[in-house]
Amino acid sequence: MQIGLLIQQTGPAGIWSPSAEACARLAVSEINRQSGILKQHVELVVEDAGRTVADARAAARRVVRSGAQGIVGMLPSYARRAIADSTFNLVPFIYTPQYEGIAPEAQTITTGETAAELLAPGLRWLADHRDARRYFLCGSDYIWPRSSLSLARSMIPRVGGEVVGEAYMPVDADNYDSLIERIKRARPDVVLPYFLGGDGIAFNRAFHEAGLCPHVLRFTSAIDETIVYGLPPEATENLFVSSGYFASVRSHNNGAFLERYHTAYGEAPPPVNSFGQSCYEGIYCLASLVEHAEVFDTRAIHRLAGHTPQLRTARGSRESAVVGGRHPIFLAELDGYDFNMLAT
């Protein structure tokens, strides 16, 4: 049987494709060693979802036509509906990255953290421990950043803060000078940058080059190990990140996952990160649901979400988490390239 993995291999989100594919292939190899899904060997079909909604729709249709019996997707939320529409009632669709938290399309199963879960602990910690009061919101111009920052706008007054500016840039923007000037004029205590993949590297480099890192805090859930490795270490000063997964989290689940990952790929594989690791869990999510449904049926599988134990996970502390269950959120401060845990 075939499972399709839809990821963007080009554009700003392409930065995650090597780790996403590596993590998904690891899950498939483990599942095949455990007798496959419904006693059938699993083949992973990796498809480039491209840069646009039309690209994603075409990729989903190709995967379905090729005979895939399920799809795992790790790609920007603006492409999610196109895939959901293309797979509706045909094959189950598992959407794995963090997302804005708006109710997903019918028969789309989400496994990632929501914006509300990720924003709340960081905003409270910055208010309590850094006396943060003035916030500037910025990000890529599509649904995930806009919806996440709209939620942040409503949450910030509850921690005693105010929003002093908000701006959005096109995906794949090549110049952030005007945005940096707006941030300087607004004099925020904290900037919340929600840029997609490689755009996060470009923005944070510009932020560093403008000399803002020592003076202005940054807090986001849109940065991970892959993005940080694209920055000079000085650019991570005063940078705070919330996530349901960091490679540096010490837990039985993560330790076992990292051991299997490095055994499979050696000492210098694509860096493990929350976005790539989500594909590992997406494959296991689909496998667990199908095993319990005993059939690849979208309606039966969807009904089991939230009620089915997942065989393996790298997140949390429970060895057998529930598909669609919630995991702890970690808040970390960057020290060079190291994520130092502050709170859960």
Task: Arg218 charged N/C atom sitting above Phe240 aromatic ring, 6.0 Å / 45° - done: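 The answer is no; the distance or angle limit is not met.
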- [ ] Rounded to the nearest 0.5 Å, what's the gap from CD1 on Ile201 to CD1 on Ile15? Could you check?
- [x]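 The CD1 atom of Ile15 is 3.5 Å from CD1 of Ile201, to the nearest 0.5 Å.
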Atom [atom1] of [X]: over 12 foreign heavy atoms under 6.0 Å:
X: Asp174; atom1: CG; value: no
X: Arg57; atom1: CZ; value: yes
X: Arg187; atom1: CZ; value: no

Task: Residues Gln98 and Ser221: side-chain donor-acceptor under 3.5 angstrom - done: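 On atom types as modelled, these side chains qualify, holding a pair under 3.5 Å.
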Open item on the list: Can you list everything that forms a ring pair (Phe, Tyr, Trp, His ring centres under 6.0 Å) with Tyr78? Sequence neighbours excluded, please.
Closed with: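 Listed in chain order: Tyr142.
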Task: Residues in ring pair (Phe, Tyr, Trp, His ring centres under 6.0 Å) contact with Phe195, at least two apart in sequence or another chain - done: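 With sequence neighbours excluded, Phe195 shows a ring pair (Phe, Tyr, Trp, His ring centres under 6.0 Å) to Tyr176, Phe203, given in chain and number order.
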TODO: Kindly work out whether a path of hydrophobic side-chain contacts (I/L/V/M/F/W/Y, heavy atoms less than 4.5 Å apart) joins Phe88 to Ile109.
DONE: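 Looking at the clustering, Ile109 is in a separate group from Phe88.
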- [ ] May I ask you to decide if the ring planes of Phe93 and Tyr95 are parallel, tilted or perpendicular, using 30° and 60° as cut-offs?
- [x]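 Rings of Phe93 and Tyr95: perpendicular, over 60°.
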Task: Basic-acidic side-chain contact under 4.0 Å: Glu30, Arg260 - done: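 Salt bridge present between Glu30 and Arg260.
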Task: Sidechain-backbone polar pair: Arg315 side chain, Asn254 backbone, donor-acceptor under 3.5 Å - done: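 Answer holds: no.
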